[in-house]
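Reviewing the structure listed below.
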Amino acid sequence: MDERYNFHAIETKWQQTWSDDNLYQVDESDDRKKYYCLVMFPYPSGRLHMGHVRNYSIGDVIARFRRMQGYNVLHPMGWDSFGLPAENAAIKNKIHPASWTWDNIAYMRTQLQRMGLSYDWDREVATCHPDYYKWTQWLFLQFYEKGLAYKRKAAVNWCPSCATVLANEQVVNGACERCDTPVTTTDLAQWFLRITDYADRLLADIDQLTGWPDKVKVMQKNWIGRSEGTEATFGIDGTEESVTVFTTRPDTIFGVTYLVLAPEHPLVDQLIAGTAQEEQVRQFINEVRAEDEFTRTSDEAEKRGMEIGAYAINPVNGKKVPILIANYVLGGYGTGAVMGVPAHDDRDFAFATKYNLPIQPVIKPVDAELPEPLTEAYIEDGVLFNSGDFDGLPNREAIGKITEYLAEKGQGGFKVNYRLRDWLISRQRYWGTPIPIVYCDQCGTVPVPEEQLPVLLPEDVEFEPNGKSPLVTSETFVNTTCPHCGGPARRETDTMDTFIDSSWYFLRYTDPKNANGAFAKDRADYWMPVDQYVGGVEHAILHLLYSRFFQKVLSDMDMVAATEPMRNLLTQGMVLKDGTKMSKSKGNIVDPDHIIEQYGADTARLFVLFAAPPERDLEWSDAGVEGCYRFINRVWRLVADWVDDAAKVKASVDPNALNKLDRDLRRVAHLSLRKVTEEISERFGFNTAISSIMEMVNALYKYRDEAGDQANLPLVKECLQFLSLMLAPFVPHVAEELWSALGNSDSVHSAAWPQWDEAATKAEEITIVVQVNGKVRDRLVVPAESSQEEIRAQALAQDRVVEMISGKDIVKVIVVPKKLVNIVVK
RNA sequence: GCCGAAGUGGUGGAAUUGGCAGACGCGCCGGACUCAAAAUCCGGUCCUGGCAACAGGGUGUGGGUUCGACUCCCACCUUCGGCACCA
């Protein structure tokens, strides 16, 4: 064994060996229990960043640990490789998005390989490869057949800079999540996936996700936004039409003094036609619709409204109230119409005051009268008045009673609403999965038949952004024949949101080369669900919600059994430098290549695992990296020093033939092993697991100094074996080198995770803390098996204790076995 | 506004069920080795007072429960994250 730790030689050598031996390849014909360890696949932006290094180091520890524990571990890697940056690069550098993407993939793959990650590269997938997107298209067609994909004209978020539509989820604070340009609204015919059909199940099944962080579950619940309420149908005076409103406060319905419709409400057009204020109203609608969604829905936005000259009839009391339209009512939520009850809602109160609308109180406190006139909305509980037959009812009771009354009259009933909207998936972009639909003048919308898949991306396109999909510029692509009648037809030129690609990649990994289907059911059922998913919390809502949606749809189609895709989720924190996220614009990037070049992959991995627990943000520290490098060197020298002697003996320790020094060392080693095992498997405590290994190394150094020539070599060998095995998940290269130097011929990564000897961990003597009135006053070393009475007696006999308690009454003595004695005196 | 998480030395962070606060690492101080330096090894390092033994204080703030609280309860402050005119 080399005196010096030459990480470069070691890492290159073992990476080659592992690859040659196909060490991480797995299949389903295996008796061992399966374990699917998945990390979020990267977008091939060009280079790995530290966030990737952290993500994949964490995943690799889990995969390697489970492998050593005897699981059949699937640990795949791939590329989320469709997306806008490739197109931007195409525009900027005049290179094709495909070549830009594939070059990036090639480079990033070598970066990942240099990190020594235990991936089964045989299962690599790239979402931009026709072998992959063929099945993305096929899945879209299954959704289409089930009525889960549909096209409709919709007001959509539009990013003027990217010249594309954005999903609600991709609008952050009113701006495009990619380029930060303020988003506007426009009308387009777009494809949607009917995720709202699954809102109830996506919500209910969150409770099954016991292995997910509460934080993520709460975020998903809020996003789905279930709201229980009542629908009430108001007739429109002088017409046969009616308007249905959604409310969570039907108990206040007798207090309705007006109705408000969203400007885009379908009835508005009809109601204003031919009225005196038609022109005025139309102008107002145009103004509102010109506002982007963010401005319109921001809290500070001025609430503006206008009467439209029509009147509604309150179903509970027949009262005639004016109908208005206003900017604050949203077309996409509930029914797009609300009732105005200014007496009992803050927002309505302000609105009614501004427009001089009447205010009619109908709920008052149980033992007080409301001020007259009201100076603010009364939103507390109370009893009903001015409410016909419902007078005197507590308002909470009235909610149910009034809803039942509306239902009996056929003018409403209970209703559950969700904040979640259908998923807009059309993108006017080139570098995405083409939507496999053809438009024929004769046959209408025709799905591309399965045997004609994939619909390939054409090469002859222009990438200048002009608001239309670049695919429109490819005549060979657009012009096609109708699969149905054979006549001339046009292809759909929009591509799919890339979130679709990543909503099923974890299923493709289970059967990545399947040419006859997206994946075989038996393979998917063998591996799914994912046992451990690791990735950034920024995907807590979108990617994870979409993936759950896909899994449920595919499960309903009987393509896979599991109804949830990810059993356990670990959301790692960000990597920070100088307290903020690393970014090019801040110039605080640390390049993984440089760290690996300077210290090796093992040091880089050790640092990101040791510096903070995985869920928390990690502050980059060059000095911390140095420290990890020093630790590996310290381990190296320790083993190098002993290896010649240790390699000659077996690690068979006779516990009865050890002296005190030996037993103390052995205890540390076995305690460390227990600690590392528990930290990894129970709470992802990689940082504390590593610190425990460090303590063991410190103990070995101490033993070497103290025992000198008398060192017990079989014991030393046992310790060094443990050390290599425990280090294996964290620093796989150096662990393999040490393991090999100790005379083992098989890989440390296929070795079994060792089992500690519980007897060896038992302390012979323990230190008992002696407290007087809760303050530590003394310590007591007693045999481990001392009884409570013995400890108590000994504690009370201690000189210091006698001194402290003399002249005082002993009120109580608490003895906690193996821990402490607390003497309470007065 | 609503929901959630977190506040511990100079610093990153430990403390598993309510039982010695500060493990481990970084930094700093001292010692050994060396002609010297680097590297390495050993020791020290929460604050205040004291030569010391030791005493007092100490986990965002203020209360509470308890023999005992970083840990549990109540109120508040700060930071971060999510949602937000959702009827």
Side-chain angles (χ1 to χ4, degrees), chain A residues 213-223 225-227 229-230 245-249 252 260 262 296-303 326-330 332-341 345-348 350-351 417-420 537-538 540-541 573-574 576 606-607 610-613 615-628 630-631 633-634 637 675 678-679 682-683 685 687-698 701-702 704-705 767-779 800 811-825:
Chain A
D214 287 342
K215 175 185 166 171
V216 173
K217 292 195 280 189
V218 166
M219 280 163 73
Q220 292 221 348
K221 279 183 186 176
N222 289 343
W223 190 261
R226 181 185 157 98
S227 164
T230 298
V245 301
F246 175 74
T247 178
T248 53
R249 292 296 304 275
T252 66
V260 191
R296 186 173 156 193
T297 60
S298 94
D299 228 355
E300 298 88 56
E302 190 199 359
K303 290 172 185 45
N327 58 345
Y328 71 86
V329 178
L330 309 173
Y333 182 76
T335 60
V338 299
M339 59 189 210
V341 187
D345 180 272
D346 286 330
R347 189 185 55 192
D348 291 351
F351 188 74
N417 254 321
Y418 295 94
R419 205 191 72 100
L420 185 70
V537 72
E538 65 273 16
I541 300 176
M574 285 186 297
L576 310 178
L606 191 65
F607 172 72
F610 178 61
E615 298 90 340
R616 259 199 261 177
D617 287 350
L618 180 156
E619 175 69 29
W620 184 266
S621 154
D622 291 326
V625 177
E626 289 272 0
C628 289
R630 272 207 291 270
F631 171 69
N633 274 282
R634 197 167 143 81
R637 285 190 302 269
K675 170 99 175 159
E678 289 172 355
E679 289 293 335
E682 287 167 26
R683 61 193 87 102
N687 55 333
T688 45
I690 291 165
S691 75
S692 172
I693 299 175
M694 288 172 169
E695 285 180 277
M696 175 175 152
V697 169
N698 291 345
Y701 266 90
K702 200 171 166 202
R704 192 185 62 171
D705 282 356
T767 304
I768 300 282
V769 171
V770 183
Q771 298 181 331
V772 177
N773 284 344
K775 286 204 169 112
V776 181
R777 297 298 178 183
D778 207 352
R779 287 180 174 79
R800 271 190 60 75
V811 180
K812 208 174 191 179
V813 178
I814 288 124
V815 181
V816 181
K818 303 191 182 201
K819 288 239 162 74
L820 93 171
V821 178
N822 189 13
I823 301 157
V824 186
V825 296

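All chains are named by letter (A, B, ...) in the order of the sequence lines, taking the proteins before the strands, and each is independently numbered beginning at 1. FYI, side chains are in, hydrogens and waters are out, and symmetry mates aren't considered; it's all heavy atoms of this structure.
Within 6.0 Å of CG on A:Asp214 lie no more than 12 heavy atoms contributed by other residues, nucleotides or ligands.
Contacts of A:Gly627 with the nucleic acid, taken as non-hydrogen atoms under 4.0 Å apart, involve only primed sugar atoms and P, OP1 or OP2. No contact: A:Lys221 has no heavy atom under 4.0 Å from any strand. Among the atoms of the strands shown, only primed sugar atoms or phosphate atoms (P, OP1, OP2) are found under 4.0 Å from some heavy atom of A:Thr248. Using a 4.0 Å heavy-atom distance criterion, A:Arg800 is classed as a sugar-phosphate-only contact. Using a 4.0 Å heavy-atom criterion, one finds that A:Asn698 contacts the sugar-phosphate atoms exclusively.
As rounded to the nearest Å, B:C54 and B:A5 have C1' atoms that lie 42 Å from one another. One C1' atom belongs to B:G25, the other to B:G13, and the distance between them is 9 Å to the nearest Å.
Across B:A84, B:A87, B:C41, the shortest atom-to-atom separation from the side chain of A:Ser227 is found for B:A87. In this structure, of B:C41, B:A87, B:C83, it is B:A87 that holds the atom nearest to the side chain of A:Phe246. Of all nucleotides listed (B:A23, B:C42, B:C85), B:A23 comes nearest to the side chain of A:Glu695.
The side-chain hydrogen bond (donor to acceptor under 3.5 Å, both in side chains) test with A:Thr688 is passed by exactly one of A:Glu678, A:Lys675, A:Glu679: A:Glu679.
In this structure, A:Tyr333 reaches the B:A87 phosphate: one of its side-chain N or O atoms is under 4.0 Å from OP1 or OP2. Taking only side-chain nitrogens and oxygens, A:Arg347 comes nearer than 4.0 Å to OP1 or OP2 of B:C86. The side chain of A:Arg777 places no N or O atom within less than 4.0 Å of a non-bridging phosphate oxygen (OP1 or OP2) of B:C54. The side chain of A:Arg634 places no N or O atom within less than 4.0 Å of a non-bridging phosphate oxygen (OP1 or OP2) of B:A39. At least one side-chain nitrogen or oxygen of A:Arg630 sits closer than 4.0 Å to the OP1 or OP2 atom of B:G27.
In this structure, OG1 on A:Thr247 lies 3.5 Å from CE on A:Met339, to the nearest 0.5 angstrom.
Of all nucleotides present, only B:U48 satisfies the Watson-Crick or G-U wobble test against B:A55, with each distance under 3.5 Å. The pairing partner recorded for B:A14 is none, the criterion being a Watson-Crick or G-U wobble arrangement whose two distances lie under 3.5 angstrom.
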* Structure fact -> Contact string for nucleotides 6-21 of chain B, one letter per nucleotide 5' to 3', B = base within protein heavy-atom range under 4.0 Å, S = sugar-phosphate only, - = neither, reads ------BSS-B--BB-

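Taking the side chain as every heavy atom from C-beta outward, A:Val770 and A:Arg777 never approach each other to under 4.5 Å. Between A:Lys215 and A:Val537 the shortest side-chain heavy-atom distance falls below 4.5 Å.
No donor-acceptor pair under 3.5 Å is formed between the side chain of A:Asp617 and the backbone N or O of A:Gly573. The closest donor-acceptor contact from the side chain of A:Asp348 to the backbone of A:Gly340 lies at 3.5 Å or more, if one exists at all.
Scanning atom types as modelled, no donor and acceptor separated by under 3.5 angstrom connect the side chain of A:Lys812 and the base of B:C67.
Cation-pi geometry between A:Arg347 and A:Tyr328 is not met at under 6.0 angstrom from the ring centre and within 45 degrees of the axis.
Under the 90° criterion around 0 for the glycosidic angle, B:G9 counts as syn.
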